[in-house]
Every structure is written in structure tokens, then in C-alpha cells.
Student: 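Take this structure first; my questions come after.
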Amino acid sequence: QVQLVESGGGLVQAGGSLRLSCAASGRTFSNYAMGWFRQAPGKEREFVAVINWSGGGTDYADSVKGRFTISRDNAKNMVYLQMNSLKPEDTAVYYCAQHRGRTSSANIAYWGKGTLVTVSS
């Protein structure tokens, strides 16, 4: 059974940084693309970033480009989201997701339960 467990959320002031982590288990981690999504209060869940199976390809939402960096460690079954220059509008529950295949062209297969990030102004 696949499990995705996020950690690293919390309260931070605008301009600050946080690093989210996602620990994956249950199947061969390096075979799958991994992504981060977020859902702000009263809004739909939205794409944040994705990284392919090897870490050699990444993509970001325009709203976070240049501020957020996604990375993965296949030896540790971990994916990370480094978030810098945080803004109040980044406040959301952040979800880790595992795709059905090696790239983001594959649909999402599994979701974590999320970790809350709150950015104060």
C-alpha cells in the first residue's frame, strides 16, 4: 500500500522560507514522477510543482517560479519542496502526490494527507 507523508509545514512570516518533505513508501519510488499541489481556503486544489522519475525534469506553476524548488532523493524515497520568498497568498494545505508513471503526463495515483503552510503578512 502506497503511503505519502508530508512534513515541514508551519507558520512563517512573509519573505521567509520553509522546506516541505514527503516520505513515500509502498512501491518503487524511483519509477514515478512526484508532485506538489496546494489548496487554499475556499479555493480548488492547484498544481505547484512536479519532478520526473530521475529528477532530471521539473515544472512549476507560474505563481511559484523562481521562488520554489522541487527535488527528490530516490535513495531515501523522499521528495522536497524548498519554498523561499513566501507570500501570504502561498498560505494553503500542501499535498504531495505520486503519478502513475515516470513523467507528469501520467495521472496522479496517490495523494498524501497534506501539511499546512501559513504565511503571515
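Computed from a predicted model, the values in this text were never measured in an experiment. Numbers here are sequence positions counted from 1.
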Student: Within this structure, what is the CZ-OG1 distance for the pair Phe68 and Thr58, rounded to the nearest 0.5 Å?
Tutor: 14.0 Å
Student: Ile70 and Arg72: side-chain contact (heavy atoms from CB on, under 4.5 Å), yes or no, with the steps?
Tutor: CA-CA 7 Å; Ile70 188 170; Arg72 66 189 295 159; over 6 Å; no
Student: Side chains of Arg27 and Gln1: any donor to acceptor distance under 3.5 Å?
Tutor: no
Student: State, with a plain yes or no, whether a side-chain heavy atom of Met34 is found less than 4.5 Å away from one of Trp53.
Tutor: no
Student: Would you be so kind as to tabulate the donor-acceptor pairs closer than 3.5 Å made by side chains of residues 101-112, with sequence neighbours excluded?
Tutor:
| from | atom 1 | to | atom 2 | distance (Å) |
| --- | --- | --- | --- | --- |
| Thr103 | OG1 | Ser105 | N | 3.4 |
| Thr103 | OG1 | Ser105 | OG | 2.7 |

Student: What pairs with Lys65 under salt bridge (Lys or Arg N to Asp or Glu O under 4.0 Å), at least two apart in sequence or on another chain?
Tutor: Asp62
Student: Should Leu116 and Tyr95 be counted in the same cluster of Ile, Leu, Val, Met, Phe, Trp and Tyr side chains packed under 4.5 Å apart?
Tutor: yes
Student: Check Gly9 against Thr115 and note the closest heavy-atom contact, atom names and distance.
Tutor: N-OG1, 3.2 Å
Student: Could you go step by step and tell me if Glu89 and Val119 meet the side-chain contact (heavy atoms from CB on, under 4.5 Å) rule?
Tutor: CA-CA 8 Å; Glu89 52 263 43; Val119 184; over 6 Å; no
Student: Using atom types as modelled, flag every donor-acceptor pair under 3.5 Å from a side chain in residues 80-87 to any protein atom, sequence neighbours excluded.
Tutor:
| from | atom 1 | to | atom 2 | distance (Å) |
| --- | --- | --- | --- | --- |
| Gln82 | NE2 | Asn84 | OD1 | 2.9 |
| Asn84 | OD1 | Ser17 | OG | 2.9 |

Student: Roughly how far, to the nearest 0.5 Å, is CD of Gln98 from CG of Asn31?
Tutor: 9.0 Å
Student: Mind listing the closest non-hydrogen atom pair of Val79 and Cys96 along with its distance?
Tutor: CG1-SG, 3.8 Å
Student: Under 3.5 Å, which donor-acceptor pairs link side chains of residues 38-52 to any protein atom two or more places apart or in another chain?
Tutor:
| from | atom 1 | to | atom 2 | distance (Å) |
| --- | --- | --- | --- | --- |
| Arg38 | NE | Glu46 | OE2 | 2.7 |
| Arg38 | NH1 | Asp90 | OD1 | 2.9 |
| Arg38 | NH1 | Tyr94 | OH | 2.9 |
| Arg38 | NH2 | Glu46 | OE2 | 3.2 |
| Arg38 | NH2 | Ser63 | OG | 3.4 |
| Gln39 | NE2 | Lys43 | O | 3.0 |
| Asn52 | OD1 | Ser54 | N | 3.3 |
| Asn52 | OD1 | Ser54 | OG | 3.4 |
| Asn52 | OD1 | Gly55 | N | 2.9 |
| Asn52 | OD1 | Gly56 | N | 3.0 |
| Asn52 | OD1 | Gly57 | N | 3.1 |

Student: Under 3.5 Å, side-chain donor or acceptor atoms of residues 18-26 against the rest of the protein: list the pairs with distances, not counting sequence neighbours.
Tutor:
none

Student: What salt bridge (Lys or Arg N to Asp or Glu O under 4.0 Å) pairs are there with at least one residue in residues 3-15, not counting sequence neighbours?
Tutor: none
